[in-house]
Amino acid sequence: MGPVTLFVTKPVSAYGNAMEKPYLLCIGHRGAMGHAPENTLRSIRKALELGAPCMEVDVYYVDGRLVVFHDDRLERTTDGSGYLCDKTFGYLRSLDAGEGEKIPLLEEVCEVIGSQACLNIELKGPDTAKPVAALLSKLFADGMAKERFLVSSFYHLELVEMRRLVPEIKLGALIRGMPVDGSKFAEDLAAFSVHPSIDCVDKRFVDDAHERGLRVYVYAVDHPEDLAKMQTLGVDGVFTGYPERVIKKYAQGDAKNGWK
Ligand code: G3P
Ligand code: MG
């Protein structure tokens, strides 16, 4: 009798064949904000240490610099006060952003990550697309892999501007509510992905997005029961402050090599 060949059927995801674990992409939220002060280099390093293949940071353009920060005011996460955008870069750098960390620049975050993970840059506020596009163009010219970057925003006009300035960049369309026509807005933006809130996502939304060829990345999903719920809904990935919870239960494939 000749050799016997066994054919094993495995589910195929965007990242190739999943092994035993089901697939759910882990995107470290503001680095690994469940473990370290959000949007700091410590948080980025923690996400890398925990093995997050992707991570997200929030970016404002202030005093001619791209600073990594979430709120429009300083009080919640620093020892400063007032509106972020009213301040000089010198003042912002003098603040404690938690555990002695400084507010980082986007270029510092990119340097720490290097080729260890993918980065989602969320544009906060107006006029961020242009300086982010300039930085990305410089990084790409220096040999940084384009497929490791995804630019998202709730400000969809900023995404239109980003598409104009860096046509090859992948875009993620953020949304807080649930539109009557599903993810049409994201398809119209020629986005790669749509990013709904966990409060406003259901099977209908996920299926509609997939029919439009969009990935679905949901924010913010920290509880194991919610992770399971998202995986059952068929979402492609989650933003989480606890990367280890996702990685422990869900396959990541070669996700760190590019959004795909
Ligand atoms: O990009 C996903 C998520 O970060 C969007 O909401 O408010 O946490 O920036 P927010
Ligand atoms: Mg964000």
Side-chain angles (χ1 to χ4, degrees), residues 24-41 43-44 46-47 52-62 66-78 83-85 97-98 103-106 109-110 113 117-126 128-129 132 148-159 162 169-179 183 185-186 189 191-201 205-206 209 214-223 226-227 230 233 235-243 245-246 255 259:
L24 187 66
L25 180 65
C26 170
I27 308 166
H29 197 205
R30 308 178 202 172
M33 67 179 288
H35 297 281
E38 64 182 55
N39 284 325
T40 62
L41 294 183
S43 189
I44 297 298
K46 188 67 192 177
C54 303
M55 59 196 79
E56 181 256 15
V57 293
D58 306 290
V59 173
Y60 281 89
Y61 189 54
V62 186
L66 286 165
V67 296
V68 175
F69 203 77
H70 181 271
D71 297 0
D72 60 348
R73 292 190 64 89
L74 296 166
E75 287 84 350
R76 184 179 63 86
T77 58
T78 75
Y83 285 108
L84 173 83
C85 290
I103 296 173
L105 290 167
L106 179 58
V109 166
C110 293
I113 296 174
C118 294
L119 179 62
N120 173 199
I121 301 168
E122 184 187 335
L123 308 178
K124 290 281 188 201
T128 39
V132 169
R148 285 210 172 91
F149 290 88
L150 172 65
V151 176
S152 66
S153 191
F154 288 104
Y155 299 83
H156 297 164
L157 283 175
E158 290 294 310
L159 296 181
M162 179 58 70
I169 197 74
K170 286 189 167 73
L171 299 178
L174 274 155
I175 183 126
R176 287 205 170 87
M178 184 177 307
S183 293
F185 71 99
L189 287 163
F192 167 76
S193 51
V194 61
H195 305 180
S197 158
I198 187 173
D199 301 325
C200 296
V201 66
F205 184 93
V206 174
L214 296 155
R215 299 275 178 267
V216 180
Y217 300 145
V218 178
Y219 66 91
V221 191
D222 288 338
H223 197 286
D226 287 331
L227 292 173
M230 292 302 108
L233 283 184
V235 314
D236 302 287
V238 291
F239 296 88
T240 183
Y242 301 90
R245 294 181 187 172
V246 184
W259 302 92

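All values reported here derive from a predicted model rather than from experimental measurement. Counting starts at 1 for both ligands and their atoms, following the listed order.
Residues L123 and S153 come closest through the heavy atom pair O-OG, 2.9 Å. Among all heavy-atom pairs drawn from H195 and Y219, the shortest one is O-CE2, 3.3 Å. The heavy-atom pair separating G31 from I44 by the smallest distance is CA-CD1, 4.0 Å.
Around the Mg ion (ligand 2), the protein contributes the following N, O or S atoms under 2.8 Å, ordered by chain and number: E56 OE2, D58 OD1, E122 OE1.
Within 6.0 Å of CZ on F154 lie more than 12 heavy atoms contributed by other residues, nucleotides or ligands.
Ring geometry for F185 against H156 counts as parallel: the plane angle stays under 30°, on a 0 to 90° scale with 60° as the upper cut. The aromatic rings of F192 and Y217 sit tilted relative to each other, their planes meeting at an angle between 30° and 60°.
Salt bridge status for R30 with E122: absent, with no side-chain N to carboxylate O gap under 4.0 Å.
The 4.0 Å heavy-atom shell around ligand 1 contains residues H29, R30, E56, D58, H70, E122, K124, F154, L174, Y219, F239, ordered by chain and number.
A distance of 10.0 Å separates OG1 in T240 from CD1 in I27, rounded to the nearest 0.5 Å.
Aromatic ring centres of Y242 and H35: separated by under 6.0 Å.
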